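Scroll down for the structure; my scribbles are underneath it.
Just so it is clear, the model here is predicted, and its values are computed rather than measured. Note: hydrogens, waters and symmetry copies are ignored here, and every other heavy atom, side chains too, is used.
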Amino acid sequence: MQETMLVPPWLEQLLNTAFFRVCRSHGDAARSECNMYCLDCNTDAFCLYCRSSKHEDHQVIQIRRSSYHDVVRVSEIQKVLDISGVQTYVINGARVLFLNERPQPKGGKTVSHVCEICGRNLVDAFRFCSLGCKLVAIKRNNGDGTSTKEEEELREGGKQDIYRPTPPTPSSSARRRKGIPHRAPFRS
């Protein structure tokens, strides 16, 4: 299949991997949850103990959890992949991005920026809410067999500084409420 050759060979496997299960080899150990992924081996998630014994000299990224969804630190993934266009967030003091699409709560307020694939509201002027949505866009755009800009950036991501930081937030005065909310009187 043409489009699988246009993205890093490990990306789809990473996005389809189940993380945070107990390691079969080290289940009795204190930190045995499978939250690591080896880009060199490209097989399955593994724990901290497996890393030191089987992946010591390999390129490994650690997956973290945020609100029951898998995230990766920008500082780790941007070394090997172009993440431009993907919404980033600061969680526990670290800039992260989501691996896969997250369900959008129904009935939210209308915003000007939404994910091009799943329609999730975005905080800033980004195109995608997750790496998974960016990959879907690349595959859709590749229907004619030609290489798109996003595909080239994904393949070349590790060779250049391609991280686009989130724009600075407005000053606190710009977020001040307009006034005290008042409820309508009760009617009898």
Side-chain angles (χ1 to χ4, degrees), residues 1-21 33-39 41-46 59-144 146-158 162-167 169:
M1 202 174 202
Q2 178 72 15
E3 62 261 346
T4 56
M5 294 174 11
L6 298 172
V7 297
W10 48 263
L11 182 57
E12 285 191 78
Q13 178 68 28
L14 169 71
L15 296 177
N16 291 315
T17 298
F19 293 98
F20 299 97
R21 58 179 170 68
E33 66 182 5
C34 295
N35 67 339
M36 307 257 177
Y37 191 84
C38 181
L39 304 181
C41 296
N42 192 26
T43 54
D44 202 6
F46 54 90
Q59 199 166 19
V60 173
I61 59 173
Q62 183 178 0
I63 305 304
R64 292 165 164 76
R65 274 268 149 121
S66 174
S67 301
Y68 304 103
H69 296 283
D70 298 337
V71 299
V72 63
R73 284 188 175 171
V74 167
S75 61
E76 289 184 50
I77 197 75
Q78 74 180 1
K79 296 174 187 173
V80 295
L81 187 67
D82 173 34
I83 59 168
S84 64
V86 180
Q87 175 74 58
T88 61
Y89 301 87
V90 176
I91 298 174
N92 293 332
R95 185 154 300 277
V96 300
L97 56 82
F98 287 89
L99 293 185
N100 291 299
E101 168 186 340
R102 296 169 294 144
Q104 176 74 34
K106 300 289 183 208
K109 64 180 180 177
T110 305
V111 296
S112 58
H113 304 291
V114 295
C115 178
E116 292 178 14
I117 300 304
C118 69
R120 182 172 185 82
N121 294 342
L122 300 176
V123 178
D124 296 311
F126 288 96
R127 296 178 57 198
F128 310 106
C129 69
S130 66
L131 282 178
C133 284
K134 184 171 183 175
L135 180 62
V136 169
I138 290 168
K139 287 182 165 189
R140 281 185 186 169
N141 292 337
N142 193 41
D144 59 4
T146 61
S147 179
T148 65
K149 180 178 183 275
E150 288 88 4
E151 292 162 350
E152 293 296 325
E153 289 172 348
L154 272 174
R155 282 187 288 162
E156 302 298 320
I162 40 84
Y163 172 59
R164 185 180 82 184
T166 302
T169 57

With heavy-atom distances below 4.5 Å as the criterion, would you say the side chains of [X] and [Y] are in contact?
X	Y	answer
Ile63	Leu14	yes
Ile77	Val96	no
Asn100	Leu131	no
Leu81	Pro8	yes
Tyr89	Val71	no

Nearest-0.5 Å distance, [atom1] of residue [X] to [atom2] of residue [Y]:
X	Y	atom1	atom2	answer
Leu122	Cys133	CG	SG	9.0 Å
Phe128	Cys115	CZ	SG	7.0 Å
Arg21	Phe46	CZ	CZ	11.0 Å
Leu97	Ser66	CG	OG	11.5 Å
Thr17	Met36	OG1	CE	14.5 Å
Asn35	Gln62	CG	CD	4.5 Å

- What are the two closest non-hydrogen atoms of Val86 and Cys129, and how far apart are they?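 Closest approach of Val86 to Cys129, heavy atoms only: CG1-C, 4.3 Å.
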- Item | Nearest heavy atoms of Cys41 and Cys38, plus distance in Å |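 Heavy-atom minimum between the residues: N-SG, 3.3 Å.
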- Sidechain N-carboxylate O distance under 4.0 Å for Asp70, Arg102: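 Between Arg102 and Asp70 there is no salt bridge, as every charged N stays at least 4.0 Å from the carboxylate O atoms.
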- Item | Lys/Arg-Asp/Glu bridge criterion (N-O < 4.0 Å) met for Arg140, Glu116 |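 Answer for the salt bridge query: no.
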- Query: Got a donor-acceptor contact below 3.5 angstrom from the Lys134 side chain to the Asp82 backbone?
  - Reply: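 Flag set: sc Lys134 to bb Asp82 pair under 3.5 Å.
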- Message: I'd like to know if the side chain of Gln87 reaches the main chain of Val123, judged simply by a donor and an acceptor atom lying under 3.5 Å from each other, with no hydrogens or angles considered.
- Response: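 Pair found, side chain donor or acceptor close to backbone of Val123.
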- Criterion side-chain contact (heavy atoms from CB on, under 4.5 Å) on Thr88 and Phe98, from CA distance to verdict: CA-CA 8 Å; Thr88 61; Phe98 287 89; over 6 Å; no
- Task: Start with the C-alpha distance between Val80 and Gln59, add both sets of side-chain angles, then the distance that settles side-chain contact (heavy atoms from CB on, under 4.5 Å), and finish with yes or no.
- Result: CA-CA 9 Å; Val80 295; Gln59 199 166 19; 2.7 Å; yes
- Taking the six-membered ring of Tyr68, is the NZ or CZ of Arg65 close enough (under 6.0 Å from the centre) and on axis enough (within 45°)?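 Here Arg65 fails the 6.0 Å and 45° test against Tyr68.
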- Item | Tyr37-Asn42 side chain donor-acceptor pair, cut-off 3.5 Å |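 Yes, side-chain donor-acceptor contact under 3.5 Å.
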- Item | Set of residues satisfying salt bridge (charged side-chain N to carboxylate O under 4.0 Å, His left out) with respect to Glu101, sequence neighbours excluded |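 Partners of Glu101 under the salt bridge (charged side-chain N to carboxylate O under 4.0 Å, His left out) test: none.
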- Message: Under the rule for salt bridge (charged side-chain N to carboxylate O under 4.0 Å, His left out), what residues qualify as partners of Arg73, not counting sequence neighbours?
- Response: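 Arg73: no salt bridge (charged side-chain N to carboxylate O under 4.0 Å, His left out) contacts found.
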- Step-by-step side-chain contact (heavy atoms from CB on, under 4.5 Å) determination, Arg64 to Glu76: CA-CA 12 Å; Arg64 292 165 164 76; Glu76 289 184 50; 3.3 Å; yes
